[in-house]
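Keep in mind that this is a model prediction, so the values were computed, not measured.
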Amino acid sequence: MDETIIIADLSHTITWMNDAAVKILGPLYSLFGIAENEDLIGKHMDFFHSHPAHQKQIMHELNHTYRTVITIKNSYVAETVIAPIYNKQQVKQGYILMLLDVTEKAQQEKEKEQTIALLSTPILKIWDSVLAIPIFGNLTNERADDYLKQS
């Protein structure tokens, strides 16, 4: 299975992960001081969160599938799906987390946004205190400030 899958119990402790999770997350272990995947099993999910209280609230109230995008240590961006696991009596037993690596897509989006910002402020600095400004478009203080921040 190519999906990155992690299983956590009700106390938010990681109990299992598939080979795809080991392969994808392995390079990130060093960012958390983890030597190998066996060290990840048994870790509480708070270990990986910068705001564990927020994560705990979401997981506690979770009774359906939850989707979000997470960034891990500014190195890995993942589209994340978390779903509760229920037994036959509909009692919550734990959680299944599925991660899809969207790091490259997120980087491309960031670069696109930066390009749009640069192009939306067509002001050229010729010399100190001398700017070339196009006649078309709306010239606002905000656009001028954006240019000055970028230069």
Side-chain angles (χ1 to χ4, degrees), residues 1-8 11-84 94-151:
M1 181 176 268
D2 291 336
E3 298 289 332
T4 300
I5 298 174
I6 299 171
I7 304 290
S11 68
H12 309 150
T13 300
I14 297 172
T15 59
W16 181 84
M17 52 195 264
N18 68 351
D19 290 339
V22 172
K23 181 179 176 184
I24 294 293
L25 299 176
L28 300 174
Y29 290 174
S30 63
L31 298 174
F32 293 98
I34 295 173
E36 50 192 57
N37 59 332
E38 288 81 20
D39 297 336
L40 188 63
I41 304 300
K43 286 279 188 208
H44 196 277
M45 292 173 63
D46 285 357
F47 180 76
F48 303 99
H49 289 272
S50 56
H51 303 291
H54 176 71
Q55 172 261 333
K56 281 181 183 177
Q57 179 181 355
I58 290 171
M59 299 290 273
H60 177 72
E61 297 171 358
L62 191 66
N63 56 17
H64 59 282
T65 301
Y66 177 78
R67 293 178 177 270
T68 189
V69 176
I70 61 170
T71 302
I72 301 173
K73 299 279 188 174
N74 295 319
S75 299
Y76 177 80
V77 181
E79 190 172 309
T80 306
V81 178
I82 306 167
Y95 306 93
I96 183 167
L97 296 85
M98 294 171 278
L99 305 172
L100 175 62
D101 184 353
V102 294
T103 306
E104 187 174 320
K105 181 180 174 183
Q107 181 61 33
Q108 290 171 348
E109 187 65 28
K110 182 178 179 181
E111 290 171 4
K112 183 175 85 174
E113 288 172 5
Q114 289 172 339
T115 300
I116 290 170
L118 286 172
L119 293 174
S120 68
T121 311
I123 301 172
L124 302 174
K125 183 176 182 180
I126 305 299
W127 298 290
D128 287 343
S129 303
V130 177
L131 301 176
I133 303 172
I135 296 173
F136 62 89
N138 295 326
L139 179 60
T140 64
N141 285 338
E142 184 179 278
R143 286 177 69 189
D145 288 345
D146 286 344
Y147 170 77
L148 294 174
K149 288 177 191 173
Q150 295 168 8
S151 59

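- For the pair M17 and I5, the minimum side-chain heavy-atom distance is 4.5 Å or more.
- Between the side chain of N18 and the backbone N or O of I6 there is no donor-acceptor pair closer than 3.5 Å.
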Contacts table for residues 51-73: side-chain donor-acceptor under 3.5 angstrom, sequence neighbours left out:
residue	atom	partner	partner atom	Å
K56	NZ	D46	OD2	3.0

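- Ring geometry for H44 versus H12: interplanar angle over 60°, hence perpendicular rather than tilted (30 to 60°).
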Report the C-alpha distance between I14 and M45 in whole Å, list the side-chain angles of each, state the deciding distance to 0.1 Å, and finish with yes or no for side-chain contact (heavy atoms from CB on, under 4.5 Å). CA-CA 7 Å; I14 297 172; M45 292 173 63; 4.1 Å; yes

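- Separation of atoms CZ (F48) and CG (L25) is listed at 8.5 Å; rounding is to 0.5 Å.
- Considering only residues two or more places apart in sequence or on other chains, E109 meets the side-chain contact (heavy atoms from CB on, under 4.5 Å) condition with K112, E113.
- For F47, the ring pair (Phe, Tyr, Trp, His ring centres under 6.0 Å) partners two or more places apart in sequence, or in a different chain, are F32.
- Considering CD1 of I96 and CD of E3, their distance stands at 9.5 Å, rounded to 0.5 Å.
- Side-chain contact between Y29 and L40: present, with at least one pair of heavy atoms (C-beta onward) separated by less than 4.5 Å.
- Looking at every heavy atom in both residues, Y76 comes nearest to L100 through OH-C, 4.4 Å.
- Between L31 and S75, the shortest heavy-atom distance links the atoms CD1-OG, 3.7 Å.
- What you find for E79 and V102 is that their closest heavy atoms are N-CG2, 3.7 Å.
- Scanning all heavy atoms of the two residues, the minimum distance from A8 to L97 falls at CB-CD1, 4.3 Å.
- Around atom CD of E36, more than 12 heavy atoms belonging to other residues, nucleotides or ligands sit under 6.0 Å away.
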